[in-house]
Amino acid sequence: MRPRVTVYEVGPRDGLQNEAARVPTEGKLRLIAALAEAGLTRIEATSFVSPSWIPQLADAAEVTAALPRRLGVGYVVLVPNARGLARLLEALARAPGGPPVAAAVFLSASESHNRKNVNKSVEETFAAFAEVVPPARAAGLAVRGYVSTVFGCPYEGAVDPGRAAAVALRLLDLGCEQVSLGDTIGVGTPTQVRAVLRRLLPAVPAARLALHLHDTRGTALANALAGLEEGITTFDASVGGLGGCPYAPGASGNLATEDLVYLLHGMGYDTGVDFDRLVQAGALAQRLTGRELPGRALRAALSTNPEG
Ligand code: HMG
Ligand code: MG
């Protein structure tokens, strides 16, 4: 049997939160459906953050209430605080019998990025999560956690791996099922990935950790490979390499889903993803955003068949 890796798709959320083009709700739902049809089973669909901070995702309730049902596919949405959770629960109540939806909370390993991103200190953010994670779980939702700036901060530079690991452990203790370690601005190298993972893996099962890599400096696939070799089996990626964090100057695209899937399949891993259908989803993402996306495996595939 081939070893299994979960590719966790963040394009509709991490990708679209950072696009200048406003994709209409119906276009977002078409993209989400195309990603699910390509075999992605974990799709981050939107964010219940403040619409004045992230106007691109102001239609979070409409997207959530209309998520396509597909066997084996579950969705995740970002929730920064109690207000976000209330909005999510309202949206779910509007669509009884819909597909499974989990919540994700996020904070940074570095104070300055955390303050720019959510207007709070790290401690204040943990206090806000106490009003999100236990109530979300009590409402039957699974919760994921994100640590941003694990390998470097756009405002503070280097981040102590011990600090990043400690923030991840607190999220797990709070009740997050899985914590994703974010290279928000794409500065990490395999040596750093191994250093943080080696602090966590003796205490935490590998399945409770994920890597969320951005490809700003071309190190994302190398970092994913380091993670694979350390035993990580969930990797976040974004269709076409869409993405970034609007509150992290210099952040560019996420690791492209096509690049990751190409690498994994070539190395004999099973992802459940149909590469050709994934390319079709990437072609759709390009049409919806009106720009050529940076993912290299996508561009290579489209250069021989422009329709995907
Ligand atoms: P704030 O302005 O400090 O909030 O924002 P507040 O609590 O003071 O409230 C101010 C107003 O906003 C109030 O309305 C609230 O009701 C409203 P008013 O009473 O003035 O009319 N409000 C909300 N409205 C809708 N939904 C909400 C919400 N909360 C408050 N949830 C807040 C604090 C956290 C809301 C804001 O800073 C925010 O939305 N930040 C989000 C930034 C963001 O989304 N960043 C990108 C996602 S993180 C990321 O991309 C990194 C990741 O990919 C991993 C990686 O790459 O590292 C995950
Ligand atoms: Mg990100």
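When a ligand or atom number is given, it counts from 1 through the structure's own listing order.
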- prompt: Against heavy atoms of His214, which atoms of ligand 1 measure under 4.0 Å?
  reply: 56 (O)
message: Looking only at distances, can you tell me whether any N or O atom of Lys120, backbone or side chain, sits closer than 3.5 Å to an N or O atom of ligand 1?
response: no
Face-on cation placement of Arg2 at Tyr269 ring, 6.0 Å and 45° thresholds: no
- prompt: Short list, please: which atoms of ligand 1 are under 4.0 Å from a heavy atom of Asp14?
  reply: 50 (O), 53 (O)
query: Is the number of heavy atoms from other residues, nucleotides or ligands under 6.0 Å of Arg163 CZ greater than 12?
result: yes
task: Any atoms of ligand 1 less than 4.0 Å from a non-hydrogen atom of Gly84? List them with their elements.
output: 31 (N)
message: Salt bridge or not between Glu177 and Arg208? Use side-chain N to carboxylate O under 4.0 Å.
response: no
message: Minimum distance, heavy atoms only, to atom 34 (C) of ligand 1: which one of Pro80, Ala82, Gly243 is it?
response: Pro80
message: Would Ser180 count as a contact residue for ligand 1, given that I'm defining contact as a non-hydrogen atom of the residue lying under 4.0 Å from a ligand atom?
response: no
- line: Taking only non-hydrogen atoms of Asn117 and a 4.0 Å limit, the atoms of ligand 1 in range are 37 (O), 40 (N), 41 (C), 42 (C), 43 (C), 45 (N), 46 (C), 48 (S)
- line: Quick look: Ala104 vs ligand 1, heavy-atom contacts under 4.0 Å, and the answer is neither
- prompt: If you count the atoms of ligand 1 from 1 in the order shown, which ones are under 4.0 Å from a heavy atom of Arg13?
  reply: 47 (C), 49 (C), 50 (O), 52 (C), 53 (O), 58 (C)
task: For Phe48, take its heavy atoms, then give the atoms of ligand 1 lying under 4.0 Å from any of them.
output: 26 (N), 27 (C), 31 (N)
- request: Consider every N or O of Ser47 and every N or O of ligand 1, then say whether any pair is closer than 3.5 Å.
  value: no
query: Is it true that Arg30 and Glu26 have a side-chain N and a carboxylate O under 4.0 angstrom from each other?
result: yes
- request: Applying side chain to side chain contact (heavy atoms under 4.5 Å, CB included) between Val79 and each of Val132, Val133, Leu89, report the one that passes.
  value: Val132
query: Should we count CZ of Arg137 as having more than 12 external heavy atoms under 6.0 Å?
result: no
message: Counting only heavy atoms closer than 4.0 Å, does ligand 1 sit against the backbone of Ile54, its side chain, both, or neither?
response: side chain
message: Between ligand 1 and Tyr146, is the shortest N or O to N or O distance under 3.5 Å?
response: no
query: Would you say Asp236 has an N, O or S atom lying under 2.8 Å from the Mg ion (ligand 2)?
result: no
query: Which of the atoms of ligand 1 are close to Gly182, meaning less than 4.0 Å from one of its heavy atoms?
result: 57 (O)
field: For atom 35 (C) of ligand 1, the option (of Asn81, Val49, Val105) bearing the nearest heavy atom
entry: Asn81
- prompt: Should Val159 and Val118 be regarded as members of a common hydrophobic cluster, given that ILVMFWY residues are connected when their side-chain heavy atoms come within less than 4.5 Å of each other, either directly or indirectly?
  reply: no
query: Between CG of Leu213 and CG of Leu221, what distance do you get to the nearest 0.5 Å?
result: 9.0 Å
task: Would you check whether Val147 has a nitrogen or oxygen atom less than 3.5 angstrom from a nitrogen or oxygen atom of ligand 1?
output: no
- request: Starting from the Mg ion (ligand 2), look over the N/O/S atoms of Asp14 and name the nearest one.
  value: OD2
field: Salt-bridge present (Glu9, Arg42; N to O < 4.0 Å)
entry: no
- request: Would you check whether His212 has a nitrogen or oxygen atom less than 3.5 angstrom from a nitrogen or oxygen atom of ligand 1?
  value: yes
message: Less than 4.0 angstrom from a charged side-chain N to a carboxylate O is my criterion; do Glu258 and Arg296 meet it?
response: no
- request: For this output row, return yes or no: ring centroids of His265 and Phe275 closer than 6.0 angstrom.
  value: no
